[in-house]
Structures are given as structure tokens and as C-alpha cells.
Protein chains: 2
Amino acid sequence: MQSPVANDYQLASFTDMTTLLDNDELLNALRQTGARITKPRKLIIQILADKGDEHPDAMEIFRRAVRRDSRISLPTVYRTLKMLEEHGAIQKHAFVDGRSRYEPADGPHHDHLIDMDTGAVIEFQSEKIERLQEEIARELGYEIVHHRLELYGRKTKA
Amino acid sequence: MQSPVANDYQLASFTDMTTLLDNDELLNALRQTGARITKPRKLIIQILADKGDEHPDAMEIFRRAVRRDSRISLPTVYRTLKMLEEHGAIQKHAFVDGRSRYEPADGPHHDHLIDMDTGAVIEFQSEKIERLQEEIARELGYEIVHHRLELYGRKTKA
DNA sequence: ATGCAAATGCAAATTATTTGCAATAAGGAA
DNA sequence: TTCCTTATTGCAAATAATTTGCATTTGCAT
């Protein structure tokens, strides 16, 4: 059912997230900060760049990494994630369940709809909401640096 | 500078948050679920109802509680917070620092604008944003149970 | 006032994440 | 390529936040 007017939101779609994370630019940028491009780091960066199941937490990243190289350790995963976050390459999200989840920080900003039953995370983006946020902040005398919007909900029964 | 049209947002103002939490209504409601109104519970509810420094975490609530009754324990604080949350009386927020912070859930829902320089938290509410959120969720096949919107910003230089 | 289930306090367990340290391995220099 | 320096790793142990088991206490309905 198509609405006659354009939707005021869009599902986020990253046409080329992979190249943004998994490329020489990032690796070089990291190298230039004095960081060494080690095997575990390359692996973790690849995993983060893999589309598919989004927003893995540290343990999930660790599990995926172990599959490809059983010698990797959890602390290294944490250390690499922290490094990438400080570098601005990924973003850390704190959801209510206690764990932190990570995702590439490139691409346009988007918000999250979390399925309370399955834990699935749907990304969307709404121009209107962004504009409203800015307007509100402006009238309160503020300039938005970044924001976070999370909707928690359940599938409506068909 | 007043706009000719009504603002689409409002600063949240709880004229009487205290009575909402610290009153017989809540106590009776709790009693009716089979819960017992114990001394520690009354204390914690009072502390949460106290305005002033908002969004305390569990440890902070515990510290304040101990001041008034040194026999109280941290687990009881956690257990009471969980109970109140399940009852819908308070809301739990997970900020990025790992800890969870709590605040009364009564009154209308509101969102947060966080001053990145001072850490000040300004509460506001926007009907329009709420509606947009629901619309988006609906079109994605979801029903919103609750949400969280945080704007991080800096004061615009006069 | 009395009894019983709910709630408490304590200590110990969990869960997520971090840190100390000896061993390993990037990657620039020779 | 080999060597050297030092960042990084893996392991085990440490933290930090929160939860749980259990014996004891305490609301509160009778």
C-alpha cells in the first residue's frame, strides 16, 4: 500500500559500508596514529564491516572472530573496539540490557527501533524528526552535536 | 521572541512530582499487587520523589538512603528499583557509562537535552515528535511501548 | 496478639568489561 | 632479509554493576 505522499522516514540503507570500514583509508589512518595493523585487528574490522546481523555486542564479535581464528581473545576484542571507537570508526550504543553494542560510525545518521521480544534492531531515519529536534534545541538555545533516538516496541498483531 | 504559532514543544514541568510518587495512591497500588510497604521501600520511594539532583543511579540512591537509615542494603535498593520499574512507577535509563539511572515515570513522557559542557539535563516534550515516532513505528509494523530521545548539544553563543 | 509469606541483610555469585604481565609479533632500520 | 624496539596479544586475575541464595526479620491479615 503506497501512500500518495512520500514517507517522512526511510529505512537506513548503507550501500557501501564495507568499503568505508574495510579499506586502506581506515588502515592507513590507524597506522598513522602509531597503531599497528595486527591480524586480530584486521579480523575484527572485517567482522564489523560485514553487513548482515547488525549491532553485535562484544561477545558476539568475539564468537564470530573465534570462528575464523581460534587464537583470538576477548580482551583483544574489547581493546580493539575501544580503539576503533576512540578513533571514531565505530560507535558504541548502551542499550538497557547492560551490554554495549557496536556499529560502524560512517554513513548517515539513523535511529533505532528495538523489537522488545526478539531484540532485533531496525534502523530508520526521519528527516522530519531531525528537523524538529534541531528546532527544539535552537529554541532552547542549544545546538545539537549528536542525538540518540530509540523506540522500543512490539510487532502489532496482524 | 514569540512565534505566532504555538510551540510544538514544551519544557517539561512537573508541578507536583512529589505527590505523584510519595502518596497513598502509589502505596495503595503497590499494596494491591500484594507488595508490602516496608520501611526501606518507603524510604527509597521518598528519595526518588525528592526533586533536586535528578537521575540518580542505584549507588547514589543507596548512599542517600543510608544517611537516613544505616541498616538499608544495596540489594534492597536494587530489588525495590526493579519492583517500581515493573510497576511502572519509575523509569530506568541506561546511559553510556554502564550504570543505570532512575527517575519517576509519572507525569507525561518527556525527553532529554543534555548540555555537553555542563552536563545539565533539560527535559522537554514534543507532541509532534511523539506522533512522528508512532507513525514510523506503525508503518514498520510496530507498536511503541516506550522510547528514549536524547539530544546532546552546546549552548549557542549569543 | 499471632502466624505466615513477603522482604531484608549479608555474603557469595553473575555478567560485562578492564588490567597486569610475560610472551609475541608489527614494521621501520640496517 | 634480519634485527630491534615496542605495541599488542593472550591469559589470568581484577573491577564494577547488578543479582541471587538463604537464614532472619517484619508487614499485615486474621
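In what follows, chains are A, B, ... by sequence order, proteins preceding strands, each numbered from 1. Quick note: numbers below take in every heavy atom, side chains included, and nothing from hydrogens, waters or symmetry partners.
- Taking side-chain N and O atoms only, B/Y78 has no distance below 4.0 Å to OP1 or OP2 of D/dT19.
- One atom, CD1 of A/I44, and another, P of D/dT8, lie 12 Å apart when rounded to the nearest Å.
- If you take CE of B/M59 and P of D/dT15, they are 15 Å apart, rounded to a whole angstrom.
- Classification of A/R154 and B/E143 as a salt-bridged pair fails, no side-chain N sitting under 4.0 Å from a carboxylate O.
- Looking at heavy-atom distances under 4.0 Å, A/P75 makes contact with a base.
- The CZ atom of A/R99 sits 8 Å away from the P atom of C/dT17 (whole-angstrom rounding).
- Listed candidates were D/dT19, D/dG10, D/dT8. Nearest to the side chain of A/R41 is D/dT8.
- When the nearest nucleotides of DNA chain D are assigned to B/R79 and B/R71 by heavy-atom distance, the more 5′-ward of the two goes with B/R79.
- One can place CE of B/M83 at 18 Å from P of D/dT18, the figure rounded to the nearest angstrom.
- B/R36 approaches B/R41 most closely through the heavy-atom pair O-NH1, 3.0 Å.
- The two residues A/L43 and A/A65 have their closest heavy-atom pair at CD1-O, 3.7 Å.
- One N or O donor and one acceptor, one from the side chain of A/R36 and one from the base of D/dT6, sit under 3.5 Å apart.
- In terms of position along DNA chain D, the nucleotide closest to A/G34 lies nearer the 5' end than the nucleotide closest to the other residue of the pair B/T38 and A/G34.
- Here the P atom of nucleotide D/dT9 and the NZ atom of A/K39 are 12 Å apart, to the nearest Å.
- At the heavy-atom level, B/I72 lies under 4.0 Å from the strands shown only through sugar-phosphate atoms.
- For the OP1/OP2 pair of D/dA17 and a distance below 4.0 Å, the side-chain nitrogens and oxygens of B/S100 include no atom meeting the criterion.
- In this model, the phosphate group of D/dT8 is not approached by any side-chain N or O of A/T76 to a distance below 4.0 Å at OP1 or OP2.
- D/dA29 is paired with C/dT2 under the criterion used here, namely a Watson-Crick or G-U wobble arrangement in which both key atom distances are under 3.5 Å.
- Looking at A/R68 and A/D50, a side-chain N of the basic residue comes within less than 4.0 Å of a carboxylate O on the acidic one, giving a salt bridge.
- Each of C/dT17, C/dG9, D/dT20 was ranked by its minimum atom distance to the side chain of B/K82; first place goes to D/dT20.
- No option in A/E134, A/E127, A/E135 other than A/E127 meets the salt bridge (charged side-chain N to carboxylate O under 4.0 Å, His left out) test with A/R131.
- When rounded to the nearest whole Å, the span between CG of A/L43 and P of D/dT8 equals 17 Å.
- The base of C/dG28 is not paired with the side chain of A/R31 by any donor and acceptor separated by under 3.5 Å.
- The partner of D/dT2 is C/dA29, judged by Watson-Crick or G-U wobble contacts that both fall below 3.5 Å.
- Set against C/dG9, C/dT17, D/dT18, the side chain of A/L74 has C/dT17 as its closest nucleotide.
- Computed from coordinates, the B/K92 NZ to D/dA17 P distance equals 14 Å when rounded to whole Å.
- Here A/E60 pairs with A/R64 in a salt bridge; the nearest charged N to carboxylate O distance falls below 4.0 Å.
- Atom-to-atom, NZ of B/K42 to C1' of C/dT8 comes out at 15 Å; the value is rounded to the nearest Å.
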